[in-house]
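This report concerns only the one structure given below.
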2 protein chains.
Amino acid sequence: MPKQTFLNLPEEKRAAFLNIALEEFAGNEYNSASITKIVEKAGIAKGSVYQYFRDKQDLFLYLVDVSNQAMMGFIQQTPPPDSSADFFQTLRWQMSATVLAAQQFPVHARLLRRAYSSPLPFQDEVFEKARQVRDQHFQALVAQAQSAGQLDSRYRPEMVVFVVQSLMGELGNFLQNKFKDHPGDWVGSPEVDATFDEVIEILKSGLA
Amino acid sequence: MPKQTFLNLPEEKRAAFLNIALEEFAGNEYNSASITKIVEKAGIAKGSVYQYFRDKQDLFLYLVDVSNQAMMGFIQQTPPPDSSADFFQTLRWQMSATVLAAQQFPVHARLLRRAYSSPLPFQDEVFEKARQVRDQHFQALVAQAQSAGQLDSRYRPEMVVFVVQSLMGELGNFLQNKFKDHPGDWVGSPEVDATFDEVIEILKSGLA
DNA sequence: ATAAAATATGACTAATCAGTCACATGACCA
DNA sequence: TGGTCATGTGACTGATTAGTCATATTTTAT
């Protein structure tokens, strides 16, 4: 977590530094991300970074936190499906919200993908806890859906969670790749909506 | 590709070097993998590496190639399903073979995961071609299955490929994580077989 | 035995890195 | 004005990196 010094910074300066640091850690592996490059781009002295944060790891974990809050904040703003929504409608909403959030905060999203997809060169308790919370969210969703009879109860919950999480995780990549020539303007396009619908339909009814 | 000098090396020395290099690149990001550490472990001079390979990138791409061949070779050894097998039986066989190969060659598999999952700090034509070949293999499989009526033709082939590839890609991780306390001996266990069956069944019939 | 070709070596270069610290500059209050 | 505290600074340390190259050793052919 940042030191008080960082929080005391004028909004403008703090935001500028944050954006540059986010960009660096979103674009490079933890070990390759360079504090030196960040301070050069930000036009500040290297020592300043260590007035703001304990070390590189502290800065990185803060950036993860900031990114998480940005994404979560956005997701919670999107209107949730009404309470009568079934498992698949809820999933569809979550898919859409997650991808839209990644559209709105592409740098934050890239940073989070990096942070969660490949193992970090250090252990962090808080970070691991966040992972578990995300897992338990899905576990609960699945368990509830199964007891409500919306989900085939032959399947073990952990397998359902695996399938759903795999697809959700890769979908962002897939869309980004698919629309990489149409920067940004595919946010709520029918094409994307159709993709969501198709994935949900496959999950619901199967391929056969 | 390695220089002739490397290929002239006595089998024993070559294999020892390869294993140490594979381990280093499987365990570290490309930028963090250290030639210096490799030569220290191998007990050879640093200059020797540059008698064997043009540079770090050349070595890395060769290791990817070696890993690919090891995995492919193993997969092709496993008895293929008979020619009357449908799409899902073929998929099931490919799943099993891939995971078994990752069991037999865990280091190679880790290296390949790293190479294909996160973007490399350089571009390589050969590498990209290999990616496309893998994609086209699935495309063909899906197209054939759809025209044979084994696959719901409502779905766009690219979406089916996306779903199947996402699950196949994550399944290795999932199993590794699930059995991380039972090193190695879950190779052909009923537990694993059941997992394959369940994933295939979900794909086939859906979750509802 | 001798010459030539192939291979092995490790000290060295130039670059980069995270992190430190003595000092400078600024703000704020008495 | 003088004093205290927060903030900013950038040269510096020690470690590490990929890659080079003149030299040494070994192998091969004559």
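Quick caveat, the model's predicted, so the values are computed rather than measured. In the text below, chain A, chain B and the rest are named by the order of the sequence lines, each starting its count at 1.
Between A:S48 and D:dT7 there is no side-chain N or O to OP1 or OP2 distance below 4.0 Å. In terms of phosphate contacts, A:T5 brings no side-chain nitrogen or oxygen within less than 4.0 Å of OP1 or OP2 of D:dA6. For C:dC17, one of the phosphate oxygens OP1 or OP2 lies less than 4.0 angstrom from a side-chain nitrogen or oxygen of A:S34. For B:K46 and D:dC21, the shortest distance from a side-chain N or O to OP1 or OP2 is not below 4.0 Å.
B:K37 comes within 4.0 angstrom of the backbone, heavy atoms only, and of no base. Within the nucleic acid shown, A:K3 has no heavy atom closer than 4.0 Å to any nucleic acid atom. Using a 4.0 Å heavy-atom distance criterion, B:L9 is classed as a sugar-phosphate-only contact. Across all strands shown, A:Y52 has heavy atoms under 4.0 Å from sugar-phosphate atoms exclusively, and none from any base. Contact annotation for B:K56: backbone-only contact, meaning every heavy-atom pair under 4.0 Å involves sugar-phosphate atoms and none involves a base.
In this entry the distance linking CD1 of B:I35 with C1' of C:dT9 reads 17 Å, nearest Å. Protein atom CZ of B:R14 is 13 Å distant from nucleotide atom P of C:dT7, rounded to whole Å. Regarding A:L7, its CG atom lies at a distance of 14 Å from the C1' atom of D:dA6, rounded to whole Å. Atom pair B:Q57:CD and D:dT17:C1' shows a separation of 17 Å (rounding to whole Å applied). Taking atom CG on A:N28 and atom P on C:dA18, their separation rounds to 11 Å, with Å as the unit. Rounded to whole Å, atom C1' of D:dA18 lies 14 Å from atom CG of B:D58. Atom pair A:I38:CD1 and C:dG19:P shows a separation of 12 Å (rounding to whole Å applied). In this structure, NZ of A:K13 is placed 11 Å from P of D:dT7, rounded to the nearest angstrom.
In this structure, of D:dT9, C:dC17, D:dG19, it is D:dT9 that holds the atom nearest to the side chain of A:Q51. When the nucleotides C:dT9, C:dT20, D:dA18 are ranked by their closest atom to the side chain of B:I44, C:dT9 comes out on top. Set against D:dT7, D:dT20, C:dA18, the side chain of A:N8 has D:dT7 as its closest nucleotide. The side chain of B:Y50 lies closest to D:dG19 when the candidates are C:dA18, D:dG8, D:dG19.
Annotation: cation-pi pair B:K56/B:Y30 present, NZ/CZ under 6.0 Å from the ring centroid and within 45° of its normal.
Salt bridge A:E158/B:K178: present, at least one basic N to carboxylate O contact under 4.0 Å. Residues B:E11 and B:R14 are paired through a salt bridge, judged by an N-O separation under 4.0 Å between the basic side chain and the carboxylate. A salt bridge links B:R156 and A:E198; the closest N-O separation between the charged side-chain nitrogens and carboxylate oxygens is under 4.0 Å. Ionic pairing of A:R131 and A:E128 is present here: one or more N-O contacts between side-chain nitrogen and carboxylate oxygen are shorter than 4.0 angstrom.
Two residues, B:Q4 and B:G47, neighbour DNA chain C, and the one matched to the more 5' nucleotide by heavy-atom proximity is B:Q4.
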Could you go step by step and tell me if B:H137 and B:Q94 meet the side chain to side chain donor-acceptor pair (under 3.5 Å) rule? CA-CA 12 Å; B:H137 166 75; B:Q94 208 149 90; 3.1 Å; yes
